[in-house]
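Presented below is the structure to which this report refers.
Read the numbers this way: they start at 1 and go in the same order the structure lists the ligands and their atoms.
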Amino acid sequence: MEVKTVTEKPWTGRFTESTDAFVEAFTASVTFDQRMAHYDIRGSVAHARMLADVGVLTSEEQQQIVAGLEAILEEIQNGDFNWSIALEDVHMNIESRLVAQIGDVGKKLHTGRSRNDQVATDIRLWLRDEVDTILAEITRLQEALLVLAEREAETIMPGFTHLQTAQPVTFGHHMMAWHEMLVRDYGRLTDCRKRVNIMPLGAAALAGTTFPIDRTITARLLGFDAPAENSLDAVSDRDFSIEFTSAASLLMMHLSRFSEELVLWASDPFSFVELPDSFCTGSSIMPQKKNPDVPELVRGKSGRVFGHLMSLLTLMKGQPLAYNKDNQEDKEPLFDTVDTLKGSLKVYADMMPTVEVKRENTRAAAGKGFSTATDLADYLVRAGVPFRDSHEIVGKAVRYGIEQEKDLAEMTVEELQQFSAVIQEDVFEVLTLEGSVAARNHLGGTAPQQVHAAIQRARQRKAEELSGGNNFQDQSY
Ligand code: ARG
């Protein structure tokens with residue numbers, strides 16, 4: 001970014017000395033808040049239109065201002081705008097450029113508003129769009145998981161508790177567990193968006209304005225659901241950013257868990273999945289290495305988002321009403337949260353369709369570790385043995401299996417009958433991996449039939465969500 005120093009600050013009236021050069025740079029936010037320029041201009045256009053509607057500006061003044069702002073937006077988009085540290089932030093940079101371009105009429109734009117309600121409005125407009133992008137990325141990742149779940153609905157893998165083989169599950173069921181986490185993340189962000197989409201503009205510095213503004217006009221022009229009820233609250237609280245970062249933290253926590261599993265599964269001892277070369281990197285010293293950098297990095301990046309949540313909470317917690325300069329520190333953590341989240345979701349949505357499942361390996365792993373022991377216990381219960389006794393019986397069979405290096409399904413019926421006479425030939429229907437997963441055939445269970453049903457319900461829910469989805473329209477352009 002090119003930064004030019006100019007001197008025409010709009011607030012120098014009561015000052016006799018110029019700002020210390022370091023303080024000027026220290027207090028400036030333009031290096032990062034210029035990112036909201038587009039939204040700052042949209043907010044200003046709506047404000048000018050409203051001022052004309054209520055008779056504070058003439059329609060000619062309004063037209064000049066709007067045309068000037070549109071020209072500035074173009075300059076910014078073309079990279080022709082000279083950002084100045086001396087002009088502190090995105091708001092004063094744009095306003096001062098407006099005055100330079102259209103003359104004194106540009107100075108009327110700031111009537112009935114303050115940078116305090118302006119910046120709060122900008123952040124909300126910006127964040128609203130980012131939430132929509134993030135929601136779309138979650139949907140893309142969800143769809144990738146549904147496709148994978150469908151493809152691998154019959155694939156057997158070990159299910160773990162304590163990272164010890166517990167019971168066989170289907171790979172599709174495992175993918176649907178991930179999918180379910182994203183359903184809740186999507187819901188949290190959708191809900192958060194409702195509170196983001198409230199308009200601070202009109203709160204002015206803190207107490208409102210003496211001009212006869214109509215905040216419903218600006219709210220409608222900008223696609224907000226409603227103007228904020230209280231001017232002091234509107235300019236000061238950043239709870240919507242904290243709420244977003246909190247939802248983002250949970251989402252990153254989920255992606256981090258997916259990552260941990262992928263890293264394990266891609267390792268040689270597991271060898272459950274093959275990640276494509278295009279999503280891995282090599283080692284500069286060990287020629288055989290293919291490292292799962294993408295999931296590792298996503299797992300690592302969760303840390304910075306959790307950190308941003310802590311930063312924002314701490315930033316807010318000691319602030320008296322109303323606006324304090326502390327709030328300028330809200331942007332970088334929020335921006336980085338959005339960037340990290342978008343990047344992590346994108347890389348996951350791109351990567352998941354390319355993940356190859358090594359079905360023989362996942363099946364072989366499920367065949368070890370006596371994963372159908374619970375099925376044998378349940379079989380005995382169905383034959384009238386009390387569960388506690390059946391648990392004991394199967395425990396003994398497992399001990400025998402460890403000594404003989406045989407899984408339960410590999411024993412003969414005579415061998416099994418040593419432990420309980422009720423065991424018959426039909427026991428093998430429940431001791432096989434396919435029999436075990438197929439038997440868990442109820443809503444939420446791992447049976448392939450249930451995986452297909454869950455996929456269908458998920459698709460149905462998503463279709464309803466998207467058709468009834470948000471209908472907020474920004475009408476400022
Ligand atoms: N750059 C400021 C911020 O990010 C804008 C608001 C400045 N308001 C003020 N009274 N100094 O919060």
Does Gln101 CD have over 12 foreign heavy atoms under 6.0 Å away? yes
Name the closest protein heavy atom to atom 5 (C) of ligand 1, giving the residue it belongs to and the distance to 0.1 Å. Asp89 OD2, 3.5 Å
For atom 11 (N) of ligand 1, the closest protein heavy atom turns out to be Arg115 NH2, 3.6 Å
Establish, from distance only, whether the side-chain atoms of His38 and Arg42 form a donor-acceptor pair under 3.5 Å. yes
Option whose closest heavy atom lies nearest to atom 4 (O) of ligand 1, chosen from Lys331, Met92, His91: Lys331
Heteroatom proximity flag, Asn116 to ligand 1, N/O under 3.5 Å: yes
min-distance protein heavy atom vs atom 6 (C) of ligand 1 -> Tyr323 OH, 3.4 Å
Could you tell me the separation between the OG atom of Ser241 and the CG atom of Leu309, rounded to the nearest 0.5 Å? 11.5 Å
May I ask you to list the atoms of ligand 1 that are less than 4.0 angstrom from any heavy atom of Ser29? 1 (N)
Are any side-chain N or O atoms of Arg440 and backbone N or O atoms of Gly445, one a donor and one an acceptor, separated by less than 3.5 Å? no
Parallel, tilted or perpendicular: which one describes the rings of His174 and Trp265, with boundaries at 30° and 60°? perpendicular
Tell me, which protein residue and heavy-atom name are nearest atom 2 (C) of ligand 1, and how many Å apart are they? Gln328 OE1, 3.3 Å
Nitrogen or oxygen atoms of Glu88 and ligand 1 under 3.5 Å apart: no
Under 3.5 Å, side chain of Asp117 to main-chain N/O of Ser114, donor-acceptor pair present? yes
